[in-house]
Amino acid sequence: MKILLVGAGTVGRAAHDALVARGHEVVAAHRTSAEYPIDLTDPSSIQRVLDKVGPLDAAVCTAGTTPYGPWDDLDRDAWLAGINSKLLGQVELVRRATGVVRAGGSFTLITGILAREPIRTGSVAAAVNGALEAWVVASAGELWGRYRINAVSPTVLTESRDKYADAFPGYPTVDASVVGQAFVRSVESMETGQVYRI
Ligand SMILES: NC(=O)c1ccc[n+]([C@@H]2O[C@H](COP(=O)([O-])OP(=O)(O)OC[C@H]3O[C@@H](n4cnc5c(N)ncnc54)[C@H](OP(=O)(O)O)[C@@H]3O)[C@@H](O)[C@H]2O)c1
């Protein structure tokens, strides 16, 4: 399959490696990409990349950021930043990608453990992940018969343990290779409306 993959960080590499190992053609896009620059907060850049890649079998997103900070410090601007990037950015990617992903194709989004197990400083991330997971389930119903849509919702990746050690003390981690397989499952299975909590 020809798959657009947005995001080339720790999760993006996990998805990329797993999908390529399955023989898929993966077109990688991220903010600083030379060939496929995309900023989820800029709908026109999403459209430019979709127009350039052409017909697709699937779109996968592993990008989108949310601010972290003490509850009292997360003001309206912080909320808008998180909503605009990880939530609306992924929604906009799917909305626009229905124009280039073939009928019967799929969308796979990234959420995360904070939707179900909050941490200190993570209230915006928790809300954004939760909203995305609700939207994926709702969209699966409305897209029924046309497209499949799922979300991958991992705990901290083993490869990111050092980066998040203070924020996620004692949390179990999941290997990138396991996370990569969740993207393979979403893309290749018949499942829709699933949130893969790993
Ligand atoms: N790592 C974990 O343990 C973990 C666990 C659960 C959930 N998640 C979620 O997974 C997602 C990715 O995390 P990560 O650890 O892979 O991050 P990361 O290593 O920092 O990589 C982020 C990637 O996304 C791209 N990106 C960031 N903002 C973007 C935007 N507005 N538009 C387009 N591309 C953008 C970056 O592109 P550039 O490099 O070009 O800027 C980079 O390729 C996040 O939403 C995170 O909450 C991560």
Separation between OG of S139 and CZ of R95, rounded to the nearest 0.5 Å: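 Here the interatomic distance stands at 11.0 Å.
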Salt bridge (charged side-chain N to carboxylate O under 4.0 Å, His left out) pairs, two or more places apart, involving residues 63-85: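 Not a single pair qualifies under salt bridge (charged side-chain N to carboxylate O under 4.0 Å, His left out).
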Side-chain atoms of residues 9-16: list all donor-acceptor pairs with protein atoms under 3.5 Å, sequence neighbours left out, distances to 0.1 Å.
{"from": "R13", "atom 1": "NH1", "to": "A8", "atom 2": "O", "distance (Å)": "3.3"}

Step-by-step salt bridge (charged side-chain N to carboxylate O under 4.0 Å, His left out) determination, R148 to E188: CA-CA 10 Å; R148 295 183 304 103; E188 294 191 25; over 6 Å; no
Residues R197 and E117 bridged, charged N to O under 4.0 Å: no
salt_bridge(R185, E191) N-O dist < 4.0 Å: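 A salt bridge is present here (some side-chain N lies under 4.0 Å from a carboxylate O).
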Does anything in [range] pair up under ring-ring contact (aromatic ring centres under 6.0 Å, His included), and if so which pairs, sequence neighbours excluded?
| range | result |
| --- | --- |
| residues 73-121 | F107-Y147 |
| residues 119-142 | none |
| residues 170-198 | F168-Y171 |

Non-hydrogen side-chain atoms of R22 and M1 separated by less than 4.5 Å: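 Heavy-atom side-chain distance check fails, nothing below 4.5 Å.
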Check: N150 side chain, G193 main-chain N or O, donor-acceptor pair, under 3.5 Å: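 Looks like yes, one N/O pair under 3.5 Å.
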Main-chain N/O of L109 paired with Q90 side-chain donor or acceptor, under 3.5 Å: no
Residues, nucleotides or ligands: over 12 heavy atoms within 6.0 Å of R120 CZ: no
If only side-chain N and O atoms count, and only distance matters, is there a donor-acceptor pair under 3.5 Å linking [Y] with [X]?
| X | Y | answer |
| --- | --- | --- |
| T111 | N129 | no |
| R116 | S153 | yes |
| T41 | N84 | no |

Atom of A63, atom of G7 and distance for their closest heavy-atom approach: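 The pair with the smallest heavy-atom distance is CB-CA, 3.9 Å.
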Where L4 and A29 come nearest, the two heavy atoms and their spacing: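 Scanning both residues completely, I find the closest heavy atoms to be CD1-CB, 4.0 Å.
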Option from V136, T108, V137 for which side chain to side chain contact (heavy atoms under 4.5 Å, CB included) with I149 holds: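 When V136, T108, V137 are each tested with I149, the side chain to side chain contact (heavy atoms under 4.5 Å, CB included) holds only for V136.
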Pairing residues for D51 by the side-chain contact (heavy atoms from CB on, under 4.5 Å) criterion, not counting sequence neighbours: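 D51 satisfies side-chain contact (heavy atoms from CB on, under 4.5 Å) with Q47 only.
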